[in-house]
Amino acid sequence: MNAFEEAQEQLRRSLAVFPVSDELHARLARAEREVTVSIPITMDDGSVRMFEGYRVQYSSLRGPYKGGVRFHPQADINEVRALAFWMTMKCALAGIPMGGGKGGITVEPRSLSAQELERLARGWVRAFYALLGPDQDIPAPDVNTTPEIMCWMSEEYEKLTGDTRNAAFTGKALTCGGSEGRGAATSAGGFYVFEALRTHVGLPEHITIAVQGMGNVGGGTAHIFHEHGHTVVAMSDSKGGLYSASGLNPKAVENYKKEHKSLEGFPDAEYISNEELLELPCDVLVPAALENQITRNNAGKIQAKVVLELANGPTSTEADDILFGKGVTVIPDILANSGGVVVSTYEWEQNLKGEHWSEKDVLDKLRVLLNRESENVWEMSVKLETDLRRAAFAVALERLEKAAKLAAQAL
Ligand code: GLU
């Protein structure tokens, strides 16, 4: 199954325990709008290269489309469609006034110079700006897209439209209208969800954790768990990982990677593959990279007690069943990684109101929201006697159903 088929299978499984109207199911089975474009970019050597770009506007039932833009060689319309569907469910579950969308460009960003990358980011905005805007569609960072890239995009949008409010893009750097706390929001959110559910899922006060991925989310997750006294036994980048049963210092690992461009050779730790990382003994396993990491091929070998999904779609539905059978709890992506889009929404609100909130205010507000929604998901799982993924979908579906009823009245 491809990513979108997996996502739709998750939906079908949830509908079996939490039925909704046929109308809502029909709306959630397809995107409202999908656009693929060719973006011409002048390379540093003067040649022109074409890049494929995407925006999928999946659902506007609960508000403007919302979701990141991914720069990755494997990005394609099908992956972006799945991610846009998950954003729809994630925003509904968080209870924020946003629909779901996602964008992308098929590119290996490391093969571009900084100038080429900037031209590409601006090119994406030129292709899509008529479909974007603070009350239409609000993109944000995702895999390989940084706060700086969001500033280029936001500035390009302002140039093309004359809209100076800075509210059409979120996840921007502080220098161009970003929010305090947005950089840390996804990993901090994952930590708050973990804390809210820790005793429910039977974890001790002090845990061991293995983190796959060292981007904004994976790196931030290693830091926040380490700072709170937990033991980070493994970390990895896209090439490989490190394992130390006695614990890694995330800062030291990051410094080493900066200096050596690789984790290989880091002292007092074993150099392992990303596949090995997933199968290590630990309390909590955090996939924080790409989709489809835990599949029927390796699910049986997972030793963690809990999988905290900070990537989108890291676990296949077949793997879900195997993990459930083994008694491994999966805390689903649409809950665990929703801190990013929640603080994006706070950023959008600050931009529209011309306000600037403190980091403490932003993160306190996020924690309150995630405590509440984590409890909601837990209670739903108890009520429906089902796993946390189906329960999280059910909470989201309940809210989407209300919006669908209102929308139907207007037809
Ligand atoms: N890319 C992030 C996600 O998958 C954040 C989206 C946003 O902030 O709009 O949730």
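Counting starts at 1 for both ligands and their atoms, following the listed order.
Of the candidates Glu347, Arg182, Met150, Arg182 brings a heavy atom nearest to atom 5 (C) of ligand 1. For atom 2 (C) of ligand 1, the nearest non-hydrogen atom from the set Pro141, Gly67, Ala140, Gly101 comes from Pro141.
In terms of N/O distances under 3.5 Å, ligand 1 is not approached by Asn337. Of the polar atoms of Thr170, none of the N or O atoms is found under 3.5 Å from an N or O of ligand 1, judged by distance alone. An N or O contact shorter than 3.5 Å is missing between Ile138 and ligand 1 by distance.
Using a 4.0 Å cut-off to heavy atoms of Ser344, the atoms of ligand 1 that qualify are 7 (C), 8 (O), 9 (O). For ligand 1 and Met87, the ligand atoms under 4.0 Å from any heavy atom of the residue are 3 (C), 4 (O), 6 (C), 10 (O). In the vicinity of Gly340, heavy-atom distances shorter than 4.0 Å reach the ligand 1 atoms 8 (O). Near Asp142, with a cut-off below 4.0 Å to any heavy atom, the atoms of ligand 1 are 1 (N), 2 (C), 4 (O).
Judged by distance alone, the side chains of Asp320 and Thr315 never bring a donor and an acceptor atom under 3.5 Å apart. A donor-acceptor contact under 3.5 angstrom links the side chains of Asn376 and Glu373, judged on distance only.
In terms of protein heavy-atom proximity, atom 9 (O) of ligand 1 is nearest to Lys66 NZ, 2.7 Å. Taking atom 10 (O) of ligand 1 as the reference point, the nearest protein heavy-atom neighbour is Lys90 NZ, 2.6 Å.
Ligand 1 has no atom lying under 4.0 Å from any heavy atom of Arg70. Residue Lys102 places a heavy atom less than 4.0 Å from ligand 1.
For the pair Arg81 and Phe4, the cation-pi test (distance below 6.0 Å, angle within 45°) is passed. In this structure, Lys365 satisfies the cation-pi test against Tyr346, with its NZ or CZ atom closer than 6.0 Å to the six-membered ring centre and inside 45 degrees of the ring normal.
The existence of a salt bridge linking Glu79 and Arg70 is confirmed by a sub-4.0 Å separation between a basic side-chain nitrogen and an acidic carboxylate oxygen.
Qualifying salt bridge (Lys or Arg N to Asp or Glu O under 4.0 Å) partners for Lys90, counting only residues two or more places apart in sequence or in other chains: none.
The aromatic rings of His260 and Tyr256 sit parallel to each other, their planes meeting at less than 30°, with 60° as the upper class boundary. The aromatic rings of Tyr58 and Phe85 stand perpendicular to each other, their planes meeting at an angle above 60°, with 30° marking the opposite boundary.
In Asn312, the part holding a heavy atom less than 4.0 Å from any atom of ligand 1 is the side chain.
With rounding to the nearest 0.5 Å, the separation of CG in Leu369 from CG in Asp364 is 12.5 Å.
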